Participant: 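If you scroll down you'll find the structure; I have some questions about it.
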Amino acid sequence: MDLLELEQLIEKAAKCKSHVVNLSHRGLTIVTNNVAKLTDVRHLLLNDNKLLMAPSELSLLPLLEELMLDNNQLTMLPKEIGCLCHIRNLSVSCNPLGILPGEIGKLTSLCELWVVECQLVSIPKEIGELCNLRKLSLRKNNISQVPSELGKLHRLQWLCLEENLLSELPEQLGNLKYLSYLNLNSNKFRNIPGCLLLMSALTTLHMRNNLVANIPDSTILALSDLTRLDLRFNLMNEKPSHWKGLEYILIGLEENNVQNNPQVPLFVQHRRL
């Protein structure tokens, strides 16, 4: 799509007062400042383009609730993004961002934040100000530490930290009383972090492909409300004999854990050890 076509599309959407504007998969390298005319837009899709920079004029869209910027070539987010006071869903996955601006903490209406495969090395402490956040995915980055401020996300229900470089979690994460799903797969944990024992709503814990070699019985007892604990591909490769009735705990690569399990990829199901 050339710039003239883009301008025409924006003009038409502005004239029609469109609530949804889909500019995805258009081969866009820039979005002009005319995007500011979309004052009625609630959902703006800019994913799967070739954008190098998100337009700062996005901050002038007063009703924007959802912004999709996945699969572009963004190296940074503008500080003005903190002005999107009504945004509820922000997805910037698969961009070489490296960092998130501290202004992200101003998005206090945000319910879902997706920052998957963005080459992040850290998480800004301001993320703890996202008081309405329910879902957060930081999968497939280079994060080695989680800020204690993450424990301030009291409404968080779903958290994915898979495929990072984590070996511990701050004790403040024990304050996440509504967190029911936690994915810590493919990190560097040697044990189950103590803060998890304080998460009273936690029912699903994924910790496969870490370095866990032993788990005290007291930890298993403290996690008795779990309905799924996946510890496959750790140094601990079989259950102690007195755990045999705990079918919700998956360890090693037992046939009954893997065969015909829709959550396990087919190439793993057919793998022979």
Side-chain angles (χ1 to χ4, degrees), residues 116 123 135-154 156-273:
V116 176
I123 308 169
K135 285 189 176 183
L136 172 61
S137 182
L138 295 163
R139 182 175 64 83
K140 206 171 185 180
N141 284 289
N142 300 308
I143 300 166
S144 58
Q145 288 187 322
V146 171
S148 60
E149 286 80 4
L150 202 67
K152 295 166 62 178
L153 301 177
H154 298 304
L156 196 65
Q157 300 171 7
W158 191 98
L159 175 60
C160 181
L161 295 169
E162 183 177 7
E163 294 186 74
N164 278 285
L165 304 172
L166 299 168
S167 59
E168 59 182 7
L169 295 176
E171 61 182 18
Q172 288 85 352
L173 264 63
N175 295 326
L176 301 178
K177 301 302 183 183
Y178 291 100
L179 192 71
S180 62
Y181 175 96
L182 178 59
N183 190 332
L184 299 174
N185 288 343
S186 301
N187 278 280
K188 297 180 179 298
F189 291 99
R190 294 185 176 276
N191 49 51
I192 295 179
C195 61
L196 273 55
L197 311 186
L198 302 176
M199 297 178 180
S200 54
L202 192 64
T203 58
T204 301
L205 174 58
H206 292 282
M207 288 194 66
R208 61 187 295 168
N209 195 28
N210 277 279
L211 302 170
V212 179
N214 180 58
I215 302 175
D217 289 345
S218 57
T219 297
I220 296 299
L221 182 61
L223 294 172
S224 60
D225 288 332
L226 290 182
T227 58
R228 185 177 184 87
L229 172 56
D230 192 346
L231 292 165
R232 287 173 291 181
F233 299 103
N234 275 278
L235 300 180
M236 185 179 188
N237 53 29
E238 63 180 16
K239 294 180 185 178
S241 58
H242 57 288
W243 288 12
K244 292 301 182 182
L246 304 180
E247 299 301 328
Y248 69 94
I249 302 177
L250 306 180
I251 291 180
L253 198 60
E254 300 172 10
E255 189 68 17
N256 63 338
N257 288 341
V258 177
Q259 194 68 33
N260 299 321
N261 188 331
Q263 296 195 25
V264 181
L266 286 176
F267 79 89
V268 174
Q269 293 190 24
H270 295 295
R271 179 178 171 182
R272 301 286 183 179
L273 293 185

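All of these numbers come straight from a predicted model, not from anything done at the bench.
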Participant: Which heavy atom of H154 sits nearest to which heavy atom of G151, and what is that distance?
Facilitator: CE1-O, 3.6 Å

Participant: With N164, which residues qualify under side-chain hydrogen bond (donor to acceptor under 3.5 Å, both in side chains), at least two apart?
Facilitator: none

Participant: For S186, enumerate each residue passing the side-chain hydrogen bond (donor to acceptor under 3.5 Å, both in side chains) test, keeping only those at least two apart in sequence or located in another chain.
Facilitator: N209

Participant: Please evaluate residues L226 and L202 with respect to the criterion side chain to side chain contact (heavy atoms under 4.5 Å, CB included), reporting the C-alpha separation (whole Å), side-chain torsions for both, the decisive distance (0.1 Å), and the verdict.
Facilitator: CA-CA 6 Å; L226 290 182; L202 192 64; 3.9 Å; yes

Participant: Report the C-alpha separation of F189 and L169 in whole Å, then their side-chain angles, then the decisive distance to 0.1 Å, and conclude whether the side chain to side chain contact (heavy atoms under 4.5 Å, CB included) test is met.
Facilitator: CA-CA 9 Å; F189 291 99; L169 295 176; 4.0 Å; yes

Participant: Taking atom CZ of R232 and atom CG of L250, what is their separation to the nearest 0.5 Å?
Facilitator: 5.0 Å

Participant: Let me have the donor-acceptor pairs involving side chains of residues 211-220, under 3.5 Å, with sequence neighbours excluded, atom names and distances please.
Facilitator:
residue: D217; atom: OD1; partner: H242; partner atom: NE2; Å: 3.1
residue: D217; atom: OD1; partner: W243; partner atom: NE1; Å: 3.2
residue: D217; atom: OD2; partner: H242; partner atom: NE2; Å: 2.9

Participant: Treating T204 as the side-chain partner and R228 as the backbone partner, does any N or O pair qualify as donor plus acceptor under 3.5 Å?
Facilitator: no

Participant: Heavy-atom count check: over 12 atoms from other residues, nucleotides or ligands less than 6.0 Å from Q145 CD?
Facilitator: no

Participant: Working to the nearest 0.5 Å, report the span between CD1 of I192 and CG of L229.
Facilitator: 5.0 Å

Participant: Just to verify, what does K140 make a side-chain hydrogen bond (donor to acceptor under 3.5 Å, both in side chains) with, not counting sequence neighbours?
Facilitator: none

Participant: Side-chain atoms of residues 171-179: list all donor-acceptor pairs with protein atoms under 3.5 Å, sequence neighbours left out, distances to 0.1 Å.
Facilitator:
residue: N175; atom: ND2; partner: Q172; partner atom: O; Å: 3.2
residue: K177; atom: NZ; partner: G174; partner atom: O; Å: 3.3
residue: K177; atom: NZ; partner: L198; partner atom: O; Å: 3.1

Participant: Identify which one of N187, L166, L165 satisfies the side chain to side chain contact (heavy atoms under 4.5 Å, CB included) criterion when paired with I143.
Facilitator: L166

Participant: With distance as the sole test, does N237 use its side chain to make a donor-acceptor pair with the main-chain N or O of G252 at under 3.5 Å?
Facilitator: no

Participant: Which salt bridge (Lys or Arg N to Asp or Glu O under 4.0 Å) pairs, counting each pair once, include a residue from residues 141-153, with sequence neighbours left out?
Facilitator: E129-K152

Participant: Between the side chain of N142 and the main-chain N/O of S144, is any donor-acceptor distance below 3.5 Å?
Facilitator: no

Participant: Going by side-chain hydrogen bond (donor to acceptor under 3.5 Å, both in side chains), name the residues that satisfy it together with N183, two or more places apart in sequence or in a different chain.
Facilitator: E162, Y181, N185

Participant: With sequence neighbours excluded, what pairs up with E163 under the salt bridge (Lys or Arg N to Asp or Glu O under 4.0 Å) test?
Facilitator: R139

Participant: Determine whether N234 and I251 make a side-chain contact, defined as any pair of heavy atoms from C-beta on separated by less than 4.5 Å.
Facilitator: no

Participant: Has S180 got a side-chain atom pairing as donor or acceptor with A201's backbone, closer than 3.5 angstrom?
Facilitator: no

